[in-house]
Engineer: 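Sharing a structure below in structure tokens format, with a few things to ask.
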Amino acid sequence: MRSISYSRVADVATAIATVTADPDAAYLAGGTTKVDMLRIYAEPSQRLVDINDLPINHIELQPDGAVRLGALARMNDVAMSPIVAQRYPLLAEALVLGASAQLRNMASMGGNMLQRTRCSYFRDHEAACNKRVPGSGCSALTGVNRGHAVLGTSEHCIAAHPSDAAVALSALDAVIHVQNRDGHHAYAIDDFFLAPEDTPEREHPLQHGDLITAIEIPPLPMARDSLYLKVRDRESYEFALVSVALALRVEGGAVAEVRMALGGVATKPWRARRAEHALLGRPATHEHFLHAAREETADAVPRSMNGFKIELARRTMVRALETVTARGGTP
Ligand SMILES: Cc1cc2nc3c(=O)[nH]c(=O)nc-3n(C[C@H](O)[C@H](O)[C@H](O)COP(=O)(O)OP(=O)(O)OC[C@H]3O[C@@H](n4cnc5c(N)ncnc54)[C@H](O)[C@@H]3O)c2cc1C
Ligand code: SF4
């Protein structure tokens, strides 16, 4: 039994000062990850600083056509916002297909970016886990790894990244805005999420006390016809085995613009740059779609139970590409 303290702050500067000053302190947003982590002793924080009163829950269209999501905007509010649903359907779909209605009403966009892996060994204190205890080993390498990653893995960790929204945001080249005592920092989403390599305990570049304030999505007209396709063991309330976030513009029968990212198969939201490269300028046909999907997964590393994800990822990419193409692409 340990005691946990709780306080509530009303402005950004106080929030940052309070958490930065105390190594045991942590931000509390919707609490849908944080409280779980405390319950299972996976994180040591003992002082929760509730940030729900901070004025960072906006969903705003910027003059340049970008959309800015406050870190405390709730998943459900973002998904239902016409600003998002019309411009970035792939993000609205990724959010609606995540968690449950109750969770989406509580869970914030900032917290969503920092949710922790669903690898069962990470949540089991009897198991070796490099992410929880660096240097202790990785039980998943020889254990139950059906849900684990095949792309971006290392010999130290093969956990799949859990967020759906982050996959859509990766395809959209979103920028994560962060505030700390020294000022403001902006991270391209691809630089924000780190592959495990030798340090699986480090999932992002944030330092203690860094506060995510907003997520900015640049304008992308072709994203108006986009798709988030999520394949999972059951149709709701389940994490992805494979997911594909796709924005595609077909012109004269050929791929004129494409953005694609994968979820469920990689250790971070996986921008499918090889597939994009293979598709650009090529005929929008099954044959070329399959070639691009094979290119993207060429370096995938299967483990004892998750080899099926490679073929599933290929088929899901092809299905997503064919679905958007059949709809006629961006008007
Ligand atoms: C049963 C279940 C099913 C789920 N299914 C899915 C799913 O299918 N797809 C999916 O994508 N997600 C899923 N989730 C995860 C859910 O989306 C996340 O738990 C949620 O988005 C976290 O947001 P939160 O506001 O509750 O964060 P919190 O739990 O409050 O915080 C999470 C972490 O982020 C930190 N933090 C929070 N806000 C900030 C900030 N602004 N700046 C810096 N640090 C911050 C906290 O200190 C903590 O470490 C599921 C969760 C549960 C419990
Ligand atoms: S896959 Fe990563 S999170 Fe899971 S046991 Fe191995 S080191 Fe831990």
Side-chain angles (χ1 to χ4, degrees), residues 12 15-16 19 25-38 42-43 45 48-52 54 56-57 70-76 78 94-100 102-124 127-145 147-149 153-168 176-180 196 199-201 203-204 206-215 228 230 232 236-240 243 263-264 267 269 303:
V12 166
I16 293 169
V19 171
Y27 299 117
L28 180 72
T32 62
T33 285
K34 191 75 202 168
V35 174
D36 274 359
M37 292 297 103
L38 292 173
E43 289 181 2
S45 342
L48 294 181
V49 178
D50 187 330
I51 56 174
N52 285 290
L54 303 187
I56 50 170
N57 62 354
L72 285 171
R74 304 296 152 172
M75 286 171 70
N76 211 34
V78 174
L95 287 163
V96 163
L97 292 172
S100 65
Q102 292 91 335
L103 285 161
R104 291 194 296 272
N105 282 332
M106 286 296 291
S108 67
M109 293 302 293
N112 189 295
M113 299 300 104
L114 299 181
Q115 63 176 289
R116 307 304 305 274
T117 178
R118 310 309 286 195
C119 171
S120 56
Y121 301 110
F122 173 71
R123 289 157 195 257
D124 173 1
C129 172
N130 288 323
K131 195 182 275 298
R132 184 167 30 76
V133 182
S136 62
C138 172
S139 302
L141 287 174
T142 52
V144 178
N145 51 37
H148 286 67
T153 59
S154 77
E155 288 309 307
H156 302 286
C157 181
I158 58 170
H161 181 86
S163 168
D164 289 297
V167 175
I176 313 270
H177 291 273
V178 173
Q179 192 82 24
N180 62 20
T199 53
E201 71 281 7
E203 296 176 347
H204 48 70
L206 298 187
Q207 302 293 328
H208 182 71
D210 286 6
L211 179 77
I212 299 177
T213 51
I215 298 167
Y228 189 76
K230 180 171 177 178
R232 45 192 167 168
S236 75
Y237 203 24
E238 186 57 280
F239 287 87
S243 67
T267 51
R303 309 286 168 171

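Just follow the structure's listing: the first ligand is 1, and inside any ligand the first atom is 1. Note that these values count all heavy atoms, side chains included, but never hydrogens, waters or copies made by symmetry. Not measured: the values here are computed from a predicted model.
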Engineer: About how many Å separate CZ of R116 and OG of S163, when rounded to the nearest 0.5 Å?
Structural biologist: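 The distance works out to 13.5 Å.
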Engineer: Considering heavy atoms of the protein only, find what lies nearest to atom 41 (N) of ligand 1 and give residue, atom and distance to 0.1 Å.
Structural biologist: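 For atom 41 (N) of ligand 1, the nearest protein heavy atom comes out as I212 O, 3.0 Å.
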Engineer: Would you say D36 and ligand 1 have an N/O pair spaced under 3.5 Å apart?
Structural biologist: no
Engineer: Okay, side chain of S243, backbone of A240: is any donor-acceptor separation there less than 3.5 Å?
Structural biologist: no
Engineer: Please say whether L28 places an N or O atom under 3.5 Å from an N or O atom belonging to ligand 1.
Structural biologist: no
Engineer: In terms of residue, atom name and distance, what is the protein heavy atom nearest to atom 20 (C) of ligand 1?
Structural biologist: T32 OG1, 3.2 Å
Engineer: With heavy atoms of A29 as the reference, note each atom of ligand 1 found under 4.0 Å away.
Structural biologist: 25 (O), 30 (O), 37 (C), 38 (N)
Engineer: Applying side-chain contact (heavy atoms from CB on, under 4.5 Å) to L211 and I51, what does each step give before you reach the verdict?
Structural biologist: CA-CA 10 Å; L211 179 77; I51 56 174; 4.0 Å; yes
Engineer: Nearest to atom 48 (C) of ligand 1, what protein heavy atom do you find, and at what distance?
Structural biologist: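 For this ligand atom, the closest protein heavy atom is K34 CD, 3.4 Å.
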Engineer: Hey, what do you get for OG (S108) to CG (L54), rounding to the nearest 0.5 Å?
Structural biologist: 11.0 Å
Engineer: Using a 4.0 Å heavy-atom cut-off, say whether A71 meets ligand 1 through its side chain, its backbone, both or neither.
Structural biologist: side chain
Engineer: Could you tell me the residue and atom name of the protein heavy atom closest to atom 46 (C) of ligand 1, and the distance to it rounded to 0.1 Å?
Structural biologist: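 Its nearest protein heavy-atom neighbour is Y27 O, 3.1 Å.
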Engineer: Which residue and atom name correspond to the protein heavy atom nearest atom 4 (C) of ligand 1, and how close is it?
Structural biologist: F239 CZ, 3.3 Å
Engineer: Has R132 got a side-chain atom pairing as donor or acceptor with F122's backbone, closer than 3.5 angstrom?
Structural biologist: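 Pair found, side chain donor or acceptor close to backbone of F122.
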Engineer: Numbering the atoms of ligand 2 from 1, which are under 4.0 Å from a heavy atom of N130?
Structural biologist: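 It comes down to these atoms of ligand 2: 7 (S), 8 (Fe).
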Engineer: State, with a plain yes or no, whether a side-chain heavy atom of I176 is found less than 4.5 Å away from one of I212.
Structural biologist: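 In short, these two side chains touch, coming nearer than 4.5 Å.
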Engineer: Closer than 4.0 Å to some heavy atom of S163 - which atoms of ligand 1 meet that?
Structural biologist: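 So the atoms of ligand 1 that pass are 11 (O).
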Engineer: Taking only heavy atoms of I158 into account, list the atoms of ligand 2 that are under 4.0 Å away from them.
Structural biologist: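 Every atom of ligand 2 under 4.0 Å from some heavy atom of I158: 1 (S).
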Engineer: Atom 2 (Fe) of ligand 2: which protein heavy atom is closest, and how many Å away?
Structural biologist: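 For atom 2 (Fe) of ligand 2, the nearest protein heavy atom comes out as C157 SG, 2.4 Å.
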Engineer: Show which atoms of ligand 2 fall inside a sub-4.0 Å distance from at least one heavy-atom site of A159.
Structural biologist: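 Reading through ligand 2 atom by atom, the close ones are 1 (S), 2 (Fe), 3 (S).
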Engineer: Verify side-chain contact (heavy atoms from CB on, under 4.5 Å) between V96 and Y228, making sure each step is shown before the conclusion.
Structural biologist: CA-CA 10 Å; V96 163; Y228 189 76; over 6 Å; no
Engineer: What about M106: any of its N or O atoms under 3.5 Å from an N or O on ligand 1?
Structural biologist: no
Engineer: Which residue owns the protein heavy atom closest to atom 8 (Fe) of ligand 2, what's the atom, and how far is it?
Structural biologist: C129 SG, 2.3 Å
Engineer: Of the options I56, V78, L72, which is the one that meets M109 in a side chain to side chain contact (heavy atoms under 4.5 Å, CB included)?
Structural biologist: V78
Engineer: Once you restrict to heavy atoms under 4.0 Å, what part of I51 touches ligand 1? Side chain, backbone, both or neither.
Structural biologist: side chain
Engineer: Does ligand 1 have any atom sitting under 4.0 Å from a heavy atom of M75?
Structural biologist: yes
Engineer: Is there an N/O/S atom in C138 that lies less than 2.8 Å from atom 6 (Fe) of ligand 2?
Structural biologist: yes
Engineer: Nearest 0.5 Å, please: how far is CD in E203 from OG1 in T267?
Structural biologist: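 Nearest 0.5 Å value for the OG1-CD distance: 10.0 Å.
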Engineer: Within a distance under 4.0 Å of any heavy atom of D210, pick out the atoms of ligand 1 and give their elements.
Structural biologist: 43 (C)
Engineer: Between atom CG of L114 and atom NE2 of H204, what is the distance when rounded to the nearest 0.5 Å?
Structural biologist: 4.5 Å
Engineer: Identify, for atom 27 (O) of ligand 1, the protein heavy atom at the shortest distance, and state residue, atom and that distance.
Structural biologist: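 Atom 27 (O) of ligand 1 sits closest to the protein heavy atom G111 CA, 3.4 Å.
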Engineer: Please could you name the atoms of ligand 1 that P162 approaches to less than 4.0 Å, counting only its heavy atoms?
Structural biologist: 10 (C), 11 (O)
Engineer: Do S136 side-chain atoms and A128 backbone N/O form a donor-acceptor pair below 3.5 Å?
Structural biologist: no
Engineer: Test of understanding: given a 4.0 Å heavy-atom threshold, classify the contact between Q102 and ligand 1 as side chain, backbone, both, or neither.
Structural biologist: neither
Engineer: Hey, is ligand 1 close enough to K230 that some N/O pair sits below 3.5 Å?
Structural biologist: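 Yes - when backbone and side-chain N and O of K230 are compared with those of ligand 1, one distance drops under 3.5 Å.
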Engineer: I'd like to know if atom 8 (Fe) of ligand 2 has an N/O/S atom from C119 within less than 2.8 Å of it, counting both backbone and side-chain atoms.
Structural biologist: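 Checking atom 8 (Fe) of ligand 2 against C119, no N, O or S atom falls under 2.8 Å.
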Engineer: If only atom types and distance count, is the side chain of R74 paired as donor or acceptor with the main-chain N or O of N57 below 3.5 Å?
Structural biologist: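 Judged by distance alone, no pair lies under 3.5 Å.
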Engineer: Is a donor on one side and an acceptor on the other found under 3.5 Å between the side chain of K230 and the backbone of G263?
Structural biologist: no
Engineer: Does P200 offer a backbone N or O that forms a donor-acceptor pair with the side chain of K131 under 3.5 Å?
Structural biologist: yes
Engineer: Evaluate side-chain contact (heavy atoms from CB on, under 4.5 Å) for R123 paired with R118, printing each intermediate quantity in order.
Structural biologist: CA-CA 8 Å; R123 289 157 195 257; R118 310 309 286 195; 3.5 Å; yes
Engineer: Nearest heavy atom to atom 6 (C) of ligand 1 wins, so pick from A99, G110, A214.
Structural biologist: A99
Engineer: Below a 4.0 angstrom heavy-atom separation, can you tell me which part of H156, side chain or backbone, both or neither, approaches ligand 2?
Structural biologist: backbone
Engineer: Should you measure from each heavy atom of G98, which atoms of ligand 1 turn up under 4.0 Å away?
Structural biologist: 7 (C), 8 (O), 9 (N)
Engineer: In the protein, which heavy atom is nearest to atom 36 (N) of ligand 1, and how far is it?
Structural biologist: L114 CD1, 4.0 Å
Engineer: Which of the atoms in ligand 1, numbered in the order shown and given with their element, are less than 4.0 Å from a heavy-atom of S108?
Structural biologist: 21 (O), 23 (O), 24 (P), 25 (O)
Engineer: After noting the C-alpha distance and the side-chain angles of N52 and Y27, does the key distance pass the side-chain contact (heavy atoms from CB on, under 4.5 Å) rule?
Structural biologist: CA-CA 9 Å; N52 285 290; Y27 299 117; over 6 Å; no
Engineer: Distance-only, no hydrogens or angles: does the N145 side chain make a donor-acceptor pair with backbone N or O of R303 under 3.5 Å?
Structural biologist: no
Engineer: Relative to ligand 1, is E238 under 4.0 angstrom through side chain, backbone, both or neither, heavy atoms considered?
Structural biologist: backbone
Engineer: Working to the nearest 0.5 angstrom, can you tell me the gap between T33 OG1 and N112 CG?
Structural biologist: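 So the gap between those two atoms works out to 8.0 Å.
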Engineer: Quick one: pull up CG in D50 and NZ in K34 and give me the separation to the nearest 0.5 Å.
Structural biologist: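 Separation between the atoms: 13.0 Å.
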Engineer: Could you identify the single nearest non-hydrogen protein atom to atom 5 (S) of ligand 2 and state the distance to 0.1 Å?
Structural biologist: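 For atom 5 (S) of ligand 2, the nearest protein heavy atom is Y121 CB, 3.5 Å.
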Engineer: Purely on distance, is any nitrogen or oxygen of G30 under 3.5 Å from one on ligand 1?
Structural biologist: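 N/O-N/O distance below 3.5 Å exists for this pair.
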Engineer: If we set the cut-off at 4.0 Å for heavy atoms, which region of Q115 has an atom near ligand 1: side chain, backbone, both, or neither?
Structural biologist: side chain
Engineer: Could you check whether any side-chain N or O of H208 sits under 3.5 Å from a backbone N or O of V19, counting only pairs where one atom can act as donor and the other as acceptor?
Structural biologist: yes
Engineer: Taking distance alone, with no angle check, do T33 and ligand 1 share an N/O pair under 3.5 Å?
Structural biologist: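 There is such a contact, yes.
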Engineer: Look at atom 2 (C) of ligand 1 and say which protein heavy atom is nearest, naming residue and atom and giving the distance to 0.1 Å.
Structural biologist: L103 CD1, 3.4 Å
Engineer: Below 3.5 Å, N or O to N or O, backbone or side chain included: is there any such pair between R118 and ligand 1?
Structural biologist: no
